[in-house]
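Written below as structure tokens is the structure these notes are about.
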Amino acid sequence: MSADPAATGADPRLRGLDYEIVLVAYRSAGLVRALLDALPGRPVAVVDNSHDVDGLAAVVAGRPGVRYLDGPGRGFASGANLGVRTSTHDIVVFVNPDSSPDVATLDALAADIAADPGLGAVSATTVLPDGRVEIGVGGWEPTARRALVHAVGAHKVFPTAGLWARPVPGKPIELDWLSGACMAVRRATFDELGGFDEQFFVYNEDVAFGRAIREAGLRQRVRTDLLVPHLGGGSGEGKTHMLRLRGASLVRYVRQHHPASTVLGVRLALTVGYGPRYLLARARGRSGLAAEHAAYVTGLWRGAPAGTST
């Protein structure tokens, strides 16, 4: 068993490093158990947004340094904010239950934040089970032009011109916001910026936080050399439900920060892209995929499903 670099001082930046991991869980006790087993002895706050329906409290009980919080059940942003507000650590690292970072990656993210007061957030690069970098590890401020680039698939040729980024491992990239799937922040900075915007039930709270970082004159960085496996969608409701939320959240964000013409442009551009995909999926008998495309477009125009706040 290898020694802990924070204890041995192999990296001077890790000496005295004080951080807590914040997990926001929803009906994902199995994922949380596996993640906690892989991070023994690390301070972790587990915020349970499903009120222990799957026995998560028992999974957490008795683990040194791990605390259980009965979450507000109002989405990721409110759960994450609760974890930070109740933390006593200088730095927090948000980790999705369906991701699998190792201790060295978490240490590196926390060390980056600790060493640079001008850094508002730093994240790892998440990768899919097949090893490909996940699209959406961060991205750029939404505009109608960027939405159209994504909708017609031109982002595959012009990778920095769309809405969502898929970085090349090891190659630096400048982004306007970072995904919260594996992201470190200084607790004081997070509080000063108002935390995640709880108007978003899920999705786009990270886009709003990236905007707050920029407006405060701080920087943010994605570490493309730190690759973290991520299942993507392993914690949450069904896929069509989540895709409708994704579309609704994007429109809510754009409406908050851009004129009505941009809102309409984003809606039309993405509908132009996903409408034909829906028809093609139907023609090929792929009803599940067609339903996913339809759910996303429905979210763009009709908002979130009943019972959610976005």
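Keep in mind it's a predicted model, so treat the numbers as computed, not measured. The first residue in the sequence is number 1, and the count goes up from there.
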Counting only pairs under 3.5 Å, give me each side-chain donor-acceptor contact of residues 56-71, with atom names and distances, residues two or more places apart or in other chains.
unit_1, atom_1, unit_2, atom_2, d
Arg63, NE, Val59, O, 2.8
Arg63, NH1, Asp37, OD1, 3.0
Arg63, NH2, Asp37, OD1, 3.0
Arg67, NE, Glu20, OE2, 2.8
Arg67, NH1, Thr86, OG1, 2.9
Arg67, NH2, Glu20, OE1, 3.2
Arg67, NH2, Gly83, O, 3.2
Arg67, NH2, Thr86, O, 3.4
Arg67, NH2, Thr86, OG1, 3.2
Tyr68, OH, Asp48, OD2, 2.7
Asp70, OD1, His51, ND1, 2.8

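- In this structure, the ring of Phe190 has its center less than 6.0 angstrom from the ring center of Phe209.
- In terms of heavy-atom proximity, Pro229 sits nearest to Leu227 at CD-O, 4.0 Å.
- Within the structure, ring-ring contact (aromatic ring centres under 6.0 Å, His included) contacts touching residues 244-268 (residues at least two apart or in different chains) are Tyr253-His257.
- The hydrophobic cluster containing Leu289 does not contain Met242, counting ILVMFWY residues as joined when their side-chain heavy atoms lie under 4.5 angstrom apart, directly or transitively.
- With rounding to the nearest 0.5 angstrom, the CG atom of Leu280 is 8.0 Å from the NE2 atom of His293.
- Partners of Ala269 under the side chain to side chain contact (heavy atoms under 4.5 Å, CB included) rule, at least two apart in sequence or in another chain, are Ala147, Leu148.
- Atom NE2 of His155 and atom CD1 of Ile135 lie 4.0 Å apart (nearest 0.5 Å).
- A chain of hydrophobic side-chain contacts below 4.5 Å, direct or via other Ile, Leu, Val, Met, Phe, Trp or Tyr residues, connects Leu119 to Val93.
- Within the 3.5 Å criterion, the main-chain N or O of Ala29 finds a donor-acceptor partner in the side chain of Asp54.
- Of the charged side-chain nitrogens involved, none lies within less than 4.0 Å of a carboxylate oxygen, so that Arg187 and Asp18 do not count as a salt-bridged pair.
- Take Arg284 and apply the side-chain hydrogen bond (donor to acceptor under 3.5 Å, both in side chains) test, not counting sequence neighbours, and it matches no residue.
- The shortest heavy-atom contact between Pro276 and Val272 is CD-O, 2.8 Å.
- Summarising the geometry, atom CG belonging to Leu109 is positioned 10.0 Å from atom CD1 belonging to Ile91; distances are rounded to the nearest 0.5 Å.
- In terms of heavy atoms, Met183 sits closest to Phe196 at CE-CZ, 3.8 Å.
- Between the Asn49 side chain and the Tyr26 main chain, no donor and acceptor come within less than 3.5 Å of each other.
- Panel note: side chain Ser78, backbone Gly75; a donor-acceptor pair is recorded below 3.5 Å.
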Side-chain donor-acceptor pairs under 3.5 Å in residues 171-182, sequence neighbours left out?
unit_1, atom_1, unit_2, atom_2, d
Asp176, OD2, Glu141, N, 2.9
Trp177, NE1, Trp140, O, 3.4
Ser179, OG, Ala181, N, 3.1

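- Between the side chain of Glu205 and the backbone N or O of Tyr203 there is at least one donor-acceptor pair closer than 3.5 Å.
- In this structure Val263 satisfies the side chain to side chain contact (heavy atoms under 4.5 Å, CB included) test together with Val251, Val254, Arg255, Arg267, sequence neighbours excluded.
- In this structure, CD1 on Ile21 lies 7.0 Å from CZ on Arg42, to the nearest 0.5 angstrom.
- Scanning all heavy atoms of the two residues, the minimum distance from Val47 to Pro72 falls at CG1-CD, 4.5 Å.
- Residues passing the side chain to side chain contact (heavy atoms under 4.5 Å, CB included) test with Ser99, sequence neighbours excluded: Val95, Asn96, Pro101, Val228, His230.
- Between Leu193 and Ile213, the closest side-chain pair of non-hydrogen atoms falls below 4.5 Å.
- The line from CG of Leu218 to OG1 of Thr189 is 6.5 Å long, rounded to the nearest 0.5 Å.
- Without hydrogens or angle criteria, Arg221 side chain to Val122 main chain gives no donor-acceptor distance under 3.5 Å.
- Atom CG in Leu245 sits 10.0 Å away from atom OG1 in Thr240 (nearest 0.5 Å).
- For Pro129, the side chain to side chain contact (heavy atoms under 4.5 Å, CB included) partners at least two apart in sequence or on another chain are Leu231.
- Under the 4.5 Å side-chain contact rule for hydrophobic residues, Tyr19 and Val44 share a cluster.
- The closest donor-acceptor contact from the side chain of Arg186 to the backbone of Ile113 lies under 3.5 Å.
- Between Ala151 and Arg277 the shortest heavy-atom distance is O-NH2, 2.7 Å.
- The closest side-chain donor-acceptor pair between Thr105 and Asp102 falls under 3.5 angstrom.
- Side-chain contact between Glu198 and Asn81 is present, with at least one heavy-atom pair separated by less than 4.5 Å.
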Only pairs under 3.5 Å count here: list side-chain donor-acceptor contacts from residues 294-301, not counting sequence neighbours, and write none if there are none.
unit_1, atom_1, unit_2, atom_2, d
Thr298, OG1, Ala294, O, 2.7
Trp301, NE1, Thr271, OG1, 2.7

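- In terms of modelled atom types and a separation under 3.5 Å, the side chain of Thr126 and the main chain of Val137 share no donor-acceptor contact.
- Shown here for Ala304 and Ala248, the closest heavy-atom pair between the two residues is N-CB, 3.4 Å.
- In terms of the side-chain hydrogen bond (donor to acceptor under 3.5 Å, both in side chains) criterion, Glu192 has no residue partners (sequence neighbours excluded).
- The closest side-chain heavy-atom distance from Ser87 to Val22 is not below 4.5 Å.
- The closest side-chain heavy-atom distance from Val133 to Pro169 is below 4.5 Å.
- Within a 6.0 Å sphere centred on CZ of Arg214, other residues, nucleotides and ligands contribute more than 12 heavy atoms.
- In the hydrophobic clustering, Leu279 connects to Tyr278, either directly or through intervening members, whenever side-chain heavy atoms lie under 4.5 Å apart.
- Counting only distance, with no hydrogens or angles, the side chain of Arg244 and the backbone of Gly303 share a donor-acceptor pair below 3.5 Å.
- Sequence neighbours left out, not one pair with a member in residues 145-162 passes salt bridge (Lys or Arg N to Asp or Glu O under 4.0 Å).
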